[in-house]
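Below is one structure, written out as structure tokens, with a few remarks after it.
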2 protein chains.
Amino acid sequence: MRSNVAKKQLESKTASSAASRPYRIEDQIGYLLRRAHQRASAIFQTGIGDPNITPTQYSSLAKLDEYTELSQNLLGRLVGMDKATMQGVVRRLKERGLVDSRPDPGDARRTLLSLTTEGQRLVNRLLVNGPAVSRETLKPLNPQEQKQLLDLLSRII
Amino acid sequence: MRSNVAKKQLESKTASSAASRPYRIEDQIGYLLRRAHQRASAIFQTGIGDPNITPTQYSSLAKLDEYTELSQNLLGRLVGMDKATMQGVVRRLKERGLVDSRPDPGDARRTLLSLTTEGQRLVNRLLVNGPAVSRETLKPLNPQEQKQLLDLLSRII
DNA sequence: CCCATATCGTTCGTGTACGTACGATGACAC
DNA sequence: GTGTCATCGTACGTACACGAACGATATGGG
């Protein structure tokens, strides 16, 4: 087994040929995204107004509020979720009576999803808290930096 | 139930008092972080060199490579993982023979973790691919923007 | 019309991540 | 010593994300 000194030298040789910086996990984009997402989820959970609603459920409800009626597959594409993941999210929302479904009369493969009255009431309440959650998450940055971060993130998606 | 027009007007009233922008899920920091993290994970999975290693496992292995020996709890703090989550990650790494553990002689509560020879060989191989994964993830941005994004992300963690 | 192809929804398995709760151990005050 | 108190490892349940596979349904080309 190599010593730590030997390790450091090898890392310098392999990783810092161009950028002149050693490769550190804490500086990698994937690591930072995971940590930032963790923190954002925690803030969401405490601030959105209903501890039983998750970020993905919130996105789904908000999209159904916007479009009134959507197939499960299309909803998944709109909120960036795998169809298998979407299936679980929709199942839980239906179990809680927040979302209703009916067969698409024009295409027997599709199921059309919509908000129930209770789901509509809930999403109206949650959407009021949405801006505060985003504000809290971005609080360490000034307005210009916040705008920059949103722009840079949307460009690497 | 309100009409779509009425909905739009209400949203404008509640959300755009200061920022003058309507509240759209796609523009929220939490949503963008989730999507960006999804994409980064996908790139990691295809580029790190071993499809069975996940980002969290990679972070853990890299930290064990850096520190040689760590308690499970401390390792969790270093890579930003809950201790319960850490427990599952370590269990899988031990099952695959990549990590070994021994009781801490000075503190009977602790278990000290270290890389096995096979774990050391694997992490050496994966670390070579790390920079390429990060490069690919950040590819849509120019070098200055990449630096900005890393800086902004680290400041909201 | 019929067959190849694509889409849609579902199910199964794996892995990460969190919250909660529990027992065991060690550190410290008294 | 005895009684907190924090820390550590573990166990259980829930949610999310993905890949793989499947049946049912549409759709377009021959």
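A note on names: the letters A, B, ... follow the listed sequences, proteins ahead of strands, and every chain is numbered from 1. Values below: every heavy atom of this structure, side chains too, minus hydrogens, waters and symmetry copies. Computed from a predicted model, the values in this text were never measured in an experiment.
Residue A/Arg110 has a polar side-chain atom (N or O) positioned under 4.0 Å from OP1 or OP2 of C/dC8. At D/dA15, one or more side-chain N or O atoms of A/Arg96 fall inside 4.0 Å of OP1 or OP2 (strictly under the cut-off). Using a 4.0 Å cut-off, no side-chain N or O of A/Arg77 falls inside it from OP1 or OP2 of C/dT7. Considering only side-chain N and O atoms, A/Arg109 lies nowhere under 4.0 angstrom from the phosphate OP1 or OP2 of D/dT27. Contact annotation: B/Gln87 side-chain N/O to D/dG9 OP1/OP2 distance is not under 4.0 Å. Contact annotation: A/Gln72 does not reach the phosphate of C/dC8 (side-chain N/O to OP1 or OP2, under 4.0 Å).
Between B/Arg24 and A/Glu66 there is no salt bridge, since no side-chain nitrogen of the basic residue lies less than 4.0 Å from a carboxylate oxygen of the acidic one. Between A/Lys139 and A/Glu136 a salt bridge is recorded (basic side-chain N to carboxylate O distance below 4.0 Å). Between B/Arg155 and B/Asp151, at least one side-chain N (NZ, or NE/NH1/NH2) sits under 4.0 Å from a carboxylate O, which counts as a salt bridge. The pair B/Arg96-B/Glu118 fails the salt-bridge criterion, with no side-chain N (NZ, NE, NH1 or NH2) lying under 4.0 Å from an Asp/Glu carboxylate O.
Look at CG on B/Leu112: it is 15 Å from C1' on C/dT25, rounded to the nearest Å. Atom CE of B/Met81 and atom P of D/dC8 are 16 Å apart (whole Å). Rounded to an integer number of Å, the gap from CG of B/Asp104 to C1' of C/dA24 is 15 Å. Between the C1' atom of C/dC18 and the CZ atom of A/Arg39 lies a distance of 17 Å, rounded to the nearest Å. Atom CD of A/Gln38 is separated from atom P of D/dA15 by 19 Å (rounded to the nearest Å). Following rounding to the nearest Å, B/Met86 (CE) and C/dG19 (P) show an atom-to-atom distance of 16 Å. As a whole-Å value, the separation of B/Asn52 CG from C/dG13 C1' is 14 Å. Atom-to-atom, NE2 of A/His37 to P of D/dA15 comes out at 16 Å; the value is rounded to the nearest Å.
The residue B/Thr111 sits close only to the backbone: its heavy atoms come under 4.0 Å of sugar-phosphate atoms, none of a base. B/Arg34 comes within contact range of the sugar-phosphate backbone alone, with a heavy-atom separation under 4.0 Å but no base atom that close. If you check every strand for non-hydrogen atoms under 4.0 Å, B/Thr54 touches sugar and phosphate atoms only.
Between A/Pro55 and A/Asp107, the residue whose closest nucleotide on DNA chain D is further toward the 5' end is A/Pro55. Both A/Arg91 and B/Gln45 lie close to DNA chain D; mapped to their nearest nucleotides by heavy-atom distance, the more 5′-ward contact belongs to A/Arg91. Toward the 5′ end of DNA chain C lies the nearest nucleotide of A/Ser71, the other residue of the pair A/Ala42 and A/Ser71 mapping further downstream.
Relative to the side chain of A/Ala84, the nucleotides D/dG19, D/dG9, D/dA15 differ in distance, and D/dG19 lies closest. Counting only heavy atoms from C-beta on, B/Asp82 has its side chain closest to C/dG19 among C/dG19, C/dG15, D/dT25. Taking only side-chain atoms of A/Asn73, from C-beta outward, the nucleotide of C/dG19, C/dT7, C/dG9 with the closest atom is C/dG9. The side chain of B/Gln57 sits closest to C/dT16 out of C/dC18, D/dC16, C/dT16. Residue A/Thr85 has its side chain nearest to D/dA17 when only D/dA20, D/dC8, D/dA17 are considered.
Inspection of the A/Ser134 and B/Gln28 side chains reveals an N or O donor paired with an N or O acceptor under 3.5 Å.
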Inset, instruction - Mind running salt bridge (Lys or Arg N to Asp or Glu O under 4.0 Å) on B/Arg92 and B/Glu95 for me, showing each step along the way? - result: CA-CA 5 Å; B/Arg92 282 181 281 272; B/Glu95 283 169 1; over 6 Å; no
